[in-house]
Amino acid sequence: MQPGWEAVIGLEVHVQLRTRTKLFCGCRNAYGAPPNSLTCPVCLGLPGALPALNGEAVRQALAFGLAVGADIRPVSTFYRKQYVYPDLPKGYQITQGPVAVVQGGALDLPGDAGVRGAPGVFRARLERAHLEEDAGKSLHGEGAAERWVDLNRAGVPLLEIVGAPDLRSPQEASDYLKVLHRLVVFLGICDGNLEEGSFRCDANVSVRPAGASGFGTRVEVKNLNSFRFVKQALAFEIKRQAALLDRGERVSQETRGWDAAAGETRSQRTKEAAMDYRFFPEPDLPPLRVDAVEVAAVRAGLPELPEARIRRFQEVHGLPEDEALTLMQTPGFAAFFEALAQASGQARAAANWMLGEVSRVLNERGVPIEQLGVAPGTLAGLIRLVDQGRLPLGAAREVVFPALLAGEGSAEAIVAQRGLEQISDAAAITPLVRQVLEAHPEVVAQIRGGRERLRGFLVGQVLKAGGGRLEPKGVNEALDRILPEFLAKS
Ligand code: ADP
Ligand code: MG
Ligand code: ZN
């Protein structure tokens with residue numbers, strides 16, 4: 001960024017809620033069904049059809065509000081936001097009015113030391129989070145004139161989370177999105193699928209002289225469907241605005257779209273062309289009333305929050321931050337890790353297996369942890385065998401783990417069946433050590449003469465004599481015990 005300027009960023013995120021049905025009708029809330037198969041008179045906007053609010057969507061909004069420490073409003077109202085578009089069958093969107101069910105709240109984020117002067121956590125405040133319905137989807141057919149509309153998405157519940165203009169760099173915006181994404185996914189209120197549009201972001205950005213307290217004119221950037229695009233679009237836009245201001249020109253308030261291929265933002269509509277939505281209260285829905293009993297019930301059902309869980313992984317399990325974050329890639333992955341750590345009693349080894357072999361197999365197969373086909377308790381059996389020195393790690397990885405995946409039974413059974421068990425028992429190792437020492441008097445003589453390094457050769461011979469199943473540590477100990485006897489002989 002050009003010196004002397006400071007960026008101000010506020011993000012608006014649309015989160016598709018994970019309800020069974022749509023916000024105001026009984027149609028299924030699902031992605032990927034045949035076009036227009038999930039519709040009814042309500043979400044098609046047919047005359048006379050009446051909306052009825054989905055209680056599950058309200059409870060999911062409350063869960064979010066409680067998780068971010070927001071104010072839950074006992075009464076909030078729905079409004080009609082009117083505009084004309086092919087994918088909006090009613091000609092208006094039902095959204096919330098001046099008071100949202102969730103007001104305020106905040107996320108704690110790592111500050112960008114580059115713009116804040118010093119590292120440290122800061123609070124990014126939220127303005128509000130309101131319930132609203134999604135629109136349908138316009139699809140372009142062949143040729144410019146052909147346009148199709150799929151209304152399966154019309155009426156799907158959204159929670160629009162409006163962030164305060166508290167972010168100061170593209171990095172902070174990206175961190176905000178990651179923390180928010182993790183939160184809604186771990187609360188179980190959003191599937192978090194960016195490609196399917198379940199978590200969508202519009203970014204508002206302005207530039208002001210460094211140290212100023214007022215705000216500059218903002219631009220809203222749309223079409224940001226990945227965290228990387230948000231960062232790139234904001235970096236581009238901050239530079240563009242600062243360059244305009246450097247030249248003594250003004251930034252015009254407008255909506256711009258991110259063109260990923262060109263790597264730039266393009267003007268879509270200016271403030272003058274901004275729509276008048278003619279907002280008014282929705283006459284077909286009563287005010288949304290939330291009582292203390294319902295709030296308490298939702299609060300009691302909240303899971304451990306993801307940021308607290310990441311800290312716990314670091315503090316209780318002794319994991320570095322990057323590993324803790326990777327273990328939190330999905331709720332299922334984190335839960336599998338915890339079950340594995342618990343069942344094996346070995347958190348570090350459990351993390352290594354999750355981030356190593358397990359991840360490798362999931363990537364190869366392109367499936368989530370739920371489809372691994374091996375239960376945490378079963379994998380824990382393998383970790384214990386390694387920990388007890390009964391199975392070398394290499395054999396655990398290369399032989400027993402694939403056998404577990406192939407459904408060949410427990411780790412114990414596989415090891416027994418294939419005769420893989422490592423021998424650490426001194427009674428079994430001692431005779432082999434004696435045998436090797438007796439077979440190599442010349443080597444013993446050389447060691448006596450000072451060639452200590454040949455001890456390694458003897459260890460190798462003993463391991464070989466044991467068919468690769470002897471525990472190296474046990475062999476070394478036995479050699480320490482018996483070799484002096486042979487050295488003293490001659
Ligand atoms: P609208 O309803 O037109 O989108 P809002 O006032 O609700 O406008 O603001 C929407 C978003 O814009 C919020 O996320 C807010 O943080 C952000 N925002 C507001 N003013 C600025 C500004 N000057 N610079 C950057 N972001 C801003
Ligand atoms: Mg907006
Ligand atoms: Zn419907």
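Just so you know, residue 1 is the first one in the sequence shown, and it goes up from there. Numbering of ligands and ligand atoms starts at 1, following listing order.
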- prompt: Does E220 reach ligand 1 with a nitrogen or oxygen that is under 3.5 Å from one of the ligand's nitrogen or oxygen atoms?
  reply: no
statement: Atoms of ligand 1 under 4.0 Å from any heavy atom of S206, numbered from 1 in the order shown, are 22 (C), 23 (N), 24 (N), 25 (C)
message: Working to 10°, measure the angle at the Zn ion (ligand 3) formed by atom SG of C40 and atom SG of C25.
response: 110°
- request: Decide whether an N or O pair under 3.5 Å exists between G163 and ligand 1.
  value: yes
query: Would you call E56 and R18 a salt bridge, using N to O less than 4.0 angstrom?
result: no
message: Students often mix this up, so state it plainly: with edges at 30° and 60°, are the rings of Y85 and Y83 parallel, tilted or perpendicular?
response: tilted
task: Can you sort out which atoms of ligand 1 are near G10, meaning under 4.0 Å from one of its heavy atoms?
output: 14 (O), 16 (O), 26 (N)
message: Under 4.0 Å from a heavy atom of A164: which atoms of ligand 1 are those, numbered in the order shown and with their elements?
response: 16 (O)
field: salt_bridge(E264, R256) N-O dist < 4.0 Å
entry: no
message: Which heavy atom of L159 sits nearest to which heavy atom of A61, and what is that distance?
response: CD1-CB, 3.7 Å
task: Report the part of L11 (side chain from C-beta onward, or backbone N, CA, C, O) that has a heavy atom under 4.0 Å from ligand 1; answer both or neither where that applies.
output: backbone
- line: Looking only at non-hydrogen atoms, the one of R218, E160, Q253 nearest atom 8 (O) of ligand 1 is R218
task: Give yes or no for whether the N/O distance cutoff of 3.5 Å, strictly under, is met between P165 and ligand 1.
output: yes
field: Subset of ligand 1 atoms that lie under 4.0 Å from at least one heavy atom of V8
entry: 24 (N), 25 (C)
task: Run the salt-bridge test on E338 and R312 with the 4.0 Å N-O cut-off and return the result as yes or no.
output: yes
query: Which word best sums up how the rings of F199 and H181 line up, parallel for under 30°, tilted for 30 to 60°, or perpendicular for over 60°?
result: perpendicular
- request: Salt-bridge test for R153 and D134: reply yes if a basic N is under 4.0 Å from a carboxylate O, no otherwise.
  value: yes
- request: Give a yes or no on whether the ring-centroid distance for F337 and F313 is below 6.0 angstrom.
  value: yes
message: Please check whether V162 reaches ligand 1 - meaning an N/O of the residue sits under 3.5 Å from an N/O of the ligand, judged on distance alone.
response: no
- line: One finds that the ligand 1 atoms under 4.0 Å from a non-hydrogen atom of G216 are 23 (N)
